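Nothing fancy with the numbering, it's 1 onward along the sequence. What you see is a predicted model, and the numbers here were worked out from it, not measured in a lab.
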Amino acid sequence: MGYVVKLPKAAVFGAANGVIFMTFFGALWSAIGIIGSNKLGAPWLLVLSGIVTLTLLIGAISLIGKARNVNHVTTPKEREMRNKINRKFGMICGLEGLAILIASVLCNLFDRFEVFFPIMAIIVGVHFFPLARLFRENFYYGTGIVLSILGIISLFIPLNTTLGDVSLIARSIFIGFGSALTLWVTGLRIWITMLKQLKK
């Protein structure tokens, strides 16, 4: 995710990790949406999710291959900068995980687990703001805003609904597919951006 750092090899590896991150968590959100659909649209929703996931993973693997071909001697100053960014990244993600854990415990404690996924989307969205500043990537602000808005809107969506004779978890469908699409688009953006930088 840190491809703005002046470390060509580390930059490409960072971009590949970013694509993998977005792909994996996008797939998890997609699974939430698929479960909420209660087999409506099966198996095509699962197939589509699989195709997107596989495509982005192939992109990440291709970036890893390109990174191995990058020739660059890392200076001590560059290495120190990279380590500093990695520490901050780890702290941001650690706080995100802690916030999600606390939200899970509180939702279970107050028997309100139906609001957990919207709250989790908001937490994930908020964590993109410090990442945007850390990596100097303005696109992450957009990702954070969209995820946060999706989480807030989903709080006002009925938990369950029916379509014909199929019972659906409407809230899970909305927040699941909405969040998956947002993360996948972000992953695609990272991939394309890095490919353009490699061609310069």
Side-chain angles (χ1 to χ4, degrees), residues 1 17-60 92-132 137 139-191:
M1 295 171 68
N17 288 333
V19 175
I20 292 173
F21 178 90
M22 302 301 170
T23 302
F24 176 72
F25 286 101
L28 288 180
W29 279 109
S30 177
I32 292 172
I34 291 173
I35 292 172
S37 67
N38 195 21
K39 297 182 180 180
L40 184 68
W44 302 114
L45 290 176
L46 183 60
V47 170
L48 180 60
S49 178
I51 290 174
V52 173
T53 298
L54 182 60
T55 300
L56 289 175
L57 284 179
I58 290 174
I92 292 170
C93 290
L95 290 174
E96 176 200 22
L98 179 61
I100 291 174
L101 177 62
I102 292 174
S104 175
V105 171
L106 291 177
C107 286
N108 276 300
L109 183 63
F110 292 100
D111 196 25
R112 293 296 305 274
F113 197 77
E114 72 276 5
V115 301
F116 172 66
F117 290 135
I119 291 175
M120 183 168 69
I122 294 172
I123 293 172
V124 174
V126 169
H127 112 286
F128 272 97
F129 294 110
L131 289 183
E137 177 52 74
F139 192 83
Y140 287 168
Y141 285 116
T143 301
I145 290 171
V146 172
L147 285 172
S148 299
I149 291 176
L150 286 172
I152 293 171
I153 292 176
S154 64
L155 289 171
F156 299 95
I157 292 178
L159 180 61
N160 299 306
T161 188
T162 57
L163 185 61
D165 58 349
V166 180
S167 178
L168 306 174
I169 307 176
R171 185 174 295 170
S172 294
I173 293 174
F174 178 82
I175 195 62
F177 290 130
S179 298
L181 181 60
T182 302
L183 293 178
W184 283 337
V185 169
T186 303
L188 181 62
R189 156 84 180 198
I190 296 172
W191 179 15

For a 4.5 angstrom cut-off between non-hydrogen side-chain atoms, does [X] reach [Y]?
{"X": "Phe174", "Y": "Pro118", "value": "no"}
{"X": "Ile169", "Y": "Asn38", "value": "no"}
{"X": "Leu168", "Y": "Asn160", "value": "no"}
{"X": "Glu137", "Y": "Leu131", "value": "no"}
{"X": "Leu147", "Y": "Leu183", "value": "yes"}
{"X": "Ile32", "Y": "Leu28", "value": "no"}

Is there a side chain to side chain contact (heavy atoms under 4.5 Å, CB included) between Ile100 and Val124 once you walk through the steps? CA-CA 8 Å; Ile100 291 174; Val124 174; 4.2 Å; yes

Side chain to side chain contact (heavy atoms under 4.5 Å, CB included) between Leu155 and Val115, intermediate numbers included: CA-CA 7 Å; Leu155 289 171; Val115 301; 4.0 Å; yes

Can you say whether the rings of Tyr140 and Phe128 are parallel (under 30°), tilted (30 to 60°) or perpendicular (over 60°)?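 The arrangement is perpendicular - the two ring planes meet at more than 60°.
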
Measure up the Phe113 and Phe117 rings against each other and bin them: parallel (under 30°), tilted (30 to 60°), perpendicular (over 60°).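 Aromatic pair Phe113/Phe117 classed perpendicular.
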
Do the side chain of Ser30 and the main chain of Gly26 share a donor and acceptor less than 3.5 angstrom apart?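 No.
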
Can you tell me if Thr186 uses its side chain to pair, donor with acceptor, with the backbone of Thr182 under 3.5 Å?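 Yes.
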
Taking all non-hydrogen atoms of both residues into account, name the closest pair between [X] and [Y] and its distance.
{"X": "Val185", "Y": "Phe139", "result": "CG1-CZ, 4.2 Å"}
{"X": "Trp29", "Y": "Ala180", "result": "CB-N, 3.7 Å"}
{"X": "Gly151", "Y": "Ala121", "result": "CA-CB, 4.1 Å"}
{"X": "Ser148", "Y": "Phe129", "result": "OG-CE1, 4.3 Å"}
{"X": "Gly187", "Y": "Val19", "result": "O-CG2, 3.6 Å"}
{"X": "Ala103", "Y": "Ile119", "result": "CB-CG2, 3.9 Å"}

Measure the spacing between [atom1] of [X] and [atom2] of [Y] and express it to the nearest 0.5 Å.
{"X": "Ile157", "Y": "Ile175", "atom1": "CD1", "atom2": "CD1", "answer": "8.0 Å"}
{"X": "Trp191", "Y": "Leu56", "atom1": "CH2", "atom2": "CG", "answer": "6.5 Å"}
{"X": "Phe177", "Y": "Ser37", "atom1": "CZ", "atom2": "OG", "answer": "5.0 Å"}
{"X": "Thr161", "Y": "Ile173", "atom1": "OG1", "atom2": "CD1", "answer": "8.5 Å"}
{"X": "Leu95", "Y": "Ile102", "atom1": "CG", "atom2": "CD1", "answer": "9.5 Å"}
{"X": "Thr162", "Y": "Leu40", "atom1": "OG1", "atom2": "CG", "answer": "11.5 Å"}

Could you pull out all residues at least two apart from Ser172 that satisfy side chain to side chain donor-acceptor pair (under 3.5 Å)?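 Ser172 satisfies side chain to side chain donor-acceptor pair (under 3.5 Å) with no other residue.
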
Would Thr53 and Phe24 count as a side chain to side chain contact (heavy atoms under 4.5 Å, CB included) here? Give the steps. CA-CA 8 Å; Thr53 298; Phe24 176 72; over 6 Å; no

